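Read the structure below first, then the notes.
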Amino acid sequence: MTDFDYDLFVIGGGSGGVRAARVAAATGAKVALAEEYRMGGTCVIRGCVPKKLMVFASEYRDMFADARAYGWDVADGAFDWSRFRVKLHEELDRLEGVYRRILDGSGVEIFDSRAALADTHTVKLADGSTKSAKHILVATGGRPQLPEIKGAELGITSNDIFLLDALPKSILIVGGGYIACEFACILHGLGVAVTQFYRGAQILRGFDDEARGLVSEEMQQRGIDLHLGTNVLELEKRDGGIWVKATNGTETTFDHVMFATGRAPNTNGMGLAKAGVDLGRQGQIVVDDFSQTNVASIYAIGDVTNRVQLTPVAIREAMAFVETVFHGNPTKVDHSLIPSAIFTQPEMGTVGLSEEAARDIEPVEIYCTSFKPMQQAFAGRSDRVLMKLVVSKATRTVLGCHIVSPHAGEMIQLAGIAIKMGATKEDFDRTVAVHPTISEELVTMREPVRTA
Ligand code: NDP
């Protein structure tokens with residue numbers, strides 16, 4: 001018999017929190033979960049899911065043109081944001097319901113309330129009531145972060161984009177990471193005039209240079225007005241829009257400015273100091289390999305720990321937490337070789353080391369090919385794709401795989417299995433090609449383009 005109200009109290013109903021609550025409850029534990037907003041968190045409500053649906057919507061523009069090249073009699077239509085938005089939010093409501101039913105069905109008690117730590121074993125809800133728990137799991141995620149510049153509050157973030165009443169005619173997107181690049185492509189595809197400012201030399205810092213270079217080139221070729229080495233100095237409300245003064249000397253008015261300048265962990269006002277939980281320099285909860293904080297009864301998973309900000313990683317961390325705490329089997333999360341995709345147009349899929357990172361570690365061979373894919377070339381488009389393998393000279397292991405191509409996200413998921421298994425270049429070579437496909441190039445590159 002436990003002296004606590006619950007065996008586990010989870011704060012945050014996003015991908016990580018919901019998974020941990022559900023799986024812990026399945027072990028027979030008494031579990032509660034508090035969520036202050038909508039069940040599903042960033043991924044379901046204002047991230048991956050609505051974003052991907054907007055990617056799909058935006059891709060139809062090129063498809064109409066391509067269909068004509070393939071002999072179809074198709075006229076260009078206009079995109080109706082209001083119609084799409086209604087359907088989008090119906091889908092999000094449906095998914096939220098699914099999450100709620102999963103928790104209910106698992107016997108997890110739900111509190112639709114903000115919750116904060118009162119001490120090492122106690123959670124305080126917004127109505128002032130307190131609940132005690134043997135273990136507390138903080139899975140509160142993160143939020144978009146605005147830069148400290150004059151007028152930054154006039155900008156919107158990815159949280160707001162799904163709620164717009166109307167699509168703007170023009171938008172400035174600030175940033176060069178996943179979110180900035182994905183929304184630049186989405187909004188361009190939906191017919192918005194997109195300008196993007198990135199302060200560095202090339203977008204998607206940290207990814208393979210050749211791959212991000214091609215994404216950048218293709219984005220510009222499609223009509224995104226990308227300014228590298230450029231940042232915003234100040235914003236003002238003027239002429240019914242947002243006036244922007246930039247570091248490149250330009251002054252322009254846009255309908256909207258969207259900041260995609262990184263995300264901060266949701267640790268403010270969480271009572272973490274009161275409970276004695278250590279925070280890192282970015283405000284993230286510091287945890288060990290088992291997601292345990294410096295306070296033995298308090299664990300944290302997902303974006304609030306600022307390890308790898310990806311839904312499937314938060315889910316892995318949730319599973320490892322339950323295995324460790326509720327099955328008595330201490331389990332570390334393996335954060336190595338995580339495949340990921342950036343849903344730009346063209347998409348980029350990546351797993352393992354970039355060429356630049358790998359050659360800092362050991363001598364490597366680079367296998368790379370770039371070409372016009374059949375489907376788009378036939379339609380008269382000049383789009384290029386890229387397939388690249390970074391191979392260890394000493395062990396022949398494939399250290400990294402980088403794909404820029406339609407459906408690169410789907411491709412990298414599968415290539416990721418081979419690479420996670422430690423496949424060598426020769427393992428790729430002895431795999432028969434699937435013809436005609438784009439990804440067959442991954443198993444047909446015979447000679448390295450360079451060694452480094
Ligand atoms: P990122 O950290 O990826 O990118 C932030 C961008 O903003 C960088 O280009 C950064 O520049 C720039 N920046 C930061 N501060 C400033 C500033 N003060 N002024 C101007 N520019 C600035 O964050 P995102 O918000 O794009 O995404 C957050 C996380 O969400 C990602 O790391 C990713 O893990 C996850 N995500 C994953 C997706 C997917 O899997 N497809 C999709 C969307 C998000 P610099 O490079 O110079 O630091």
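Both counts, for ligands and for their atoms, begin at 1 and track the order of listing. Remember, predicted model here, so these are calculated numbers, not experimental data.
Scanning the protein heavy atoms around atom 35 (C) of ligand 1, the nearest turns out to be Q309 O, 3.2 Å. Remark: minimum distance from atom 10 (C) of ligand 1 to any protein heavy atom is reached at R199 NH2, 4.1 Å. The shortest contact between atom 1 (P) of ligand 1 and any protein heavy atom is with G177 CA, 4.2 Å. The nearest heavy-atom contact from the protein to atom 44 (C) of ligand 1 is I179 CG1, 3.5 Å. With hydrogens left out, the protein atom closest to atom 9 (O) of ligand 1 is G176 N, 2.9 Å, a heavy atom. At the shortest separation from atom 42 (C) of ligand 1 among protein heavy atoms lies E182 OE1, 3.3 Å. Among protein heavy atoms, the minimum distance from atom 7 (O) of ligand 1 is reached at T261 CA, 3.2 Å. Annotation: atom 48 (O) of ligand 1 to nearest protein heavy atom, R205 NH2, 2.8 Å.
Residue S340 places no heavy atom under 4.0 Å from ligand 1. Under a 4.0 Å heavy-atom criterion, A260 is in contact with ligand 1.
Taking the ring pair (Phe, Tyr, Trp, His ring centres under 6.0 Å) definition, one finds that H402 meets it with nothing, sequence neighbours left out. Taking F290 as the reference, nothing meets the ring pair (Phe, Tyr, Trp, His ring centres under 6.0 Å) condition, with sequence neighbours excluded.
With ring centers used as reference points, F207 lies under 6.0 Å from Y178.
The shortest N/O to N/O separation between G175 and ligand 1 does not fall below 3.5 Å.
A salt bridge does not link R46 with D160: every distance from a Lys NZ or Arg NE/NH1/NH2 to an Asp or Glu carboxylate oxygen is 4.0 Å or more.
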Quick one: do R359 and S354 satisfy side chain to side chain donor-acceptor pair (under 3.5 Å)? Show the steps, please. CA-CA 9 Å; R359 63 177 188 224; S354 65; over 6 Å; no
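At a heavy-atom cutoff of 4.0 Å, ligand 1 is contacted by the side chain of N231 but not by its backbone. Contact annotation: for L310 versus ligand 1, heavy atoms closer than 4.0 Å belong to the side chain alone. Residue S158 does not touch ligand 1, judged by heavy-atom distances below 4.0 Å.
Distance check, rounded to the nearest 0.5 Å: CE of M445 to CD1 of I366 gives 10.0 Å. If you take NZ on K87 and CG on D80, they are separated by 13.0 Å, rounding to the nearest 0.5 Å.
When the shell of 6.0 Å around NZ of K245 is examined, it contains 12 or fewer heavy atoms from other residues, nucleotides or ligands.
The aromatic rings of F9 and F111 sit parallel, their planes meeting at an angle under 30°, below the 60° perpendicular limit.
S58 and Q345 get closest at one heavy-atom pair: OG-NE2, 2.8 Å.
Within the listing of ligand 1, atoms 41 (N), 42 (C) sit less than 4.0 angstrom from a heavy atom of K51. Short contacts between ligand 1 and A341, defined as distances under 4.0 Å to a heavy atom of the residue, involve ligand atoms 39 (C), 40 (O), 41 (N).
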